[in-house]
Amino acid sequence: MTLQQVETSERFFKIPKALFTYEFYKPMSLAAKTAYAILKDRFELSVQNGWADGHGAVFLLYTIAQIGEILGCKKDKVIQQKKN
């Protein structure tokens, strides 16, 4: 096993348990929950890098195409999941 394989195999997205246990989130699709985890991961990276405006709003840079590539779906499906 190479160093790169070890580093990439130890990286993961975190999904809050609340998305699976609270009634409010029960209708949310699994794809939407996964998309949430991906976006949250990028949000945390933005916070670490200090990517915020003067009001403290954090910039989250992720294209629909990038999310679709990770989820293995097309643009329309990503847009649908963002609405969920």
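In the hydrophobic clustering, W51 connects to F59, either directly or through intervening members, whenever side-chain heavy atoms lie under 4.5 Å apart.
Atom SG of C73 and atom CD of Q80 lie 9.0 Å apart (nearest 0.5 Å).
Residues meeting the side chain to side chain contact (heavy atoms under 4.5 Å, CB included) test with A65, sequence neighbours left out: T63. Every side chain to side chain contact (heavy atoms under 4.5 Å, CB included) that Y62 has, sequence neighbours left out, goes to I38, L39, R42, Q66, I67, I70.
At least one donor-acceptor pair under 3.5 Å links the side chain of N49 to the backbone N or O of L45.
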Side-chain donor-acceptor pairs under 3.5 Å in residues 12-20, sequence neighbours left out?
none

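Screening residues 51-75 for salt bridge (charged side-chain N to carboxylate O under 4.0 Å, His left out) gives no qualifying pairs among residues at least two apart or on separate chains. Annotation: salt bridge (charged side-chain N to carboxylate O under 4.0 Å, His left out) contacts involving residues 27-40, sequence neighbours excluded, comprise K40-E44.
You'll find the side chain of S46 stays beyond 4.5 Å of the side chain of L61, heavy atoms only.
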